[in-house]
Amino acid sequence: MNPIPKAPIIRSEDNSVEVAWFCDLCNGDYEFLGVPDGNLRSSFEHCSDIIRTADELGYQNILLPSSYQTGQDTLTFAAAASQFTKQISLLTAIRCGEIHPPMLARTLSTLDHMLKGRLNINIISSDLPGTVKDSKTRYEISKEVIQILQQGWTRDHIKFQGKHYQFDLTSDPVKSYQENGGPLLYFGGISPDARALCAEFCDVFLMWPETEERLADTMKDLSERASTFGRKIDFGLRIHLIVRDTENEAKDAAKRLLSKLDMDRANDIKHRALDSNSAGVLRQDELRKQANSDLFIEPMIWSGIGLARSGCGSAIVGTPEQVYEKIQRYIQMGIRAFIFSGYPLIEESKLFAKKVLPQIKTVNFAEAQGRKPKGIPITPLTTGERK
């Protein structure tokens, strides 16, 4: 293998990592990619089984995505899941501008209290369903929403005068359960506007699968951008997994996943997502076109999933030893958070948890970074003065 690219300046120097799974709220779980299976639909029951399994298996976090597709509303499902999960944090996606910011802040405060600090937030800046805005406007809105949320979590008053929102409000209804800045903000996007937003405000920059060299270039750029604000950020990778006992079995499983794929159907499924033409998706498409005949863009990174899926389009494919080795390379590059998934979601979560996860030194980011209180915090919803 090539030498491991040099790690950039990151917030978390310790090589412990947060290992998350993915919950399919958006109708995308399959045994055969692109072939609908009624047993794997995004019903409340199936999504609940996914998150319960991940919780029991010891994953520290789970991504709850947001999209205008058949399935579960993210915040509604997160509220329900807060009552039947035990230790796992919920990485809950919010689409900026979708909900009036003070009411969004109140919703997130309620959820953070219900979860007793097990809430992380995935910031999304794509278009709202049925609308089209230019990139500059979308990220202006996202920046203002983040500032309003953070004022509510950290100040006694929300005083905000922006281009899109203007507020003068008490922050009592929106105080977070978490301390020292409120819930952690995870963010993904490679356009210049996206990078600028993350560098200034977010805690974890999430990347989609690319070659190590390209990932390293992105990490270096974001690290340098964050430093101009006097900040350090962490980096995460959203990627699929196919773990089998032998390399041939893993590659056969990848081929099986695509064995019933109709390309017209695949293209339709891919472009249901609101981010299907984003810079990140287009860059993954470009890499897949340059891949070898088996769709590997580099050793162990197979890009076949991107044929019928927007967003994360590649998987680590190999034996438990090979998958562990690849993850360790990413860790040495400076990646400190992983969001894994596989098809079908429950079965692959069990395989990874049995064969690879026990070897990885893990951490809960909110605890490690002092956001999750050790006791009950004083807030208007706990023991604070009732006004």
Under the side chain to side chain donor-acceptor pair (under 3.5 Å) rule, what do Asn27 and Gln69 come out as? Steps first, then yes or no, please.
-> CA-CA 7 Å; Asn27 215 30; Gln69 297 183 63; over 6 Å; no
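Under 4.0 Å is where a charged nitrogen must lie from a carboxylate oxygen, and between Arg256 and Glu31 at least one such pair does. A salt bridge is absent between Glu56 and Lys350; no separation between the charged side-chain nitrogens and carboxylate oxygens falls under 4.0 Å. Taking 4.0 Å as the cut-off between side-chain N and carboxylate O, Lys143 and Glu200 count as a salt-bridged pair.
Seen from the ring of Phe365, Arg336 does not count as a face-on cation partner, given the 6.0 Å and 45° thresholds. Taking the centre and axis of the six-membered ring of Phe22, the NZ or CZ atom of Arg238 falls inside the cone set by 45° and 6.0 Å. Stacking of Lys260 on the aromatic ring of Tyr30 is not recorded, the 6.0 Å distance cut-off and the 45° axial limit not both being met.
Classification of the Phe205-Phe187 ring pair by plane angle, with boundaries at 30° and 60°, yields tilted.
Under the 4.5 Å side-chain heavy-atom criterion for ILVMFWY residues, no single connected hydrophobic cluster contains both Tyr139 and Val132.
When all heavy atoms are compared, the tightest approach of Pro344 to Asp29 is CA-OD1, 3.5 Å. The heavy-atom pair separating Ala54 from Trp21 by the smallest distance is CB-CB, 4.1 Å.
At least one side-chain heavy atom of Trp302 sits less than 4.5 Å from a side-chain heavy atom of Leu257. Ile62 is not listed as a side-chain neighbour of Leu91, based on a closest heavy-atom distance of 4.5 Å or more. Here the side chains of His113 and Thr110 are not in contact, with every heavy-atom distance at 4.5 Å or above. For the pair Ile327/Ile360, a side-chain contact is recorded, criterion being any heavy-atom separation below 4.5 Å from C-beta on. Looking at Leu357 and Leu57, their side chains never come closer than 4.5 Å, going by heavy atoms from C-beta outward. Looking at heavy atoms from C-beta onward, Asn364 lies in side-chain contact with Ser89 at the 4.5 angstrom threshold.
Remark: the Thr362 side chain and the Gln60 side chain contain an N/O donor-acceptor pair separated by less than 3.5 Å.
The CD1 atom of Ile51 sits 5.0 Å away from atom CG of Leu64, with the distance rounded to the nearest 0.5 Å.
Looking only at distances, no side-chain donor or acceptor of Glu212 sits under 3.5 Å from a matching main-chain atom of Tyr330.
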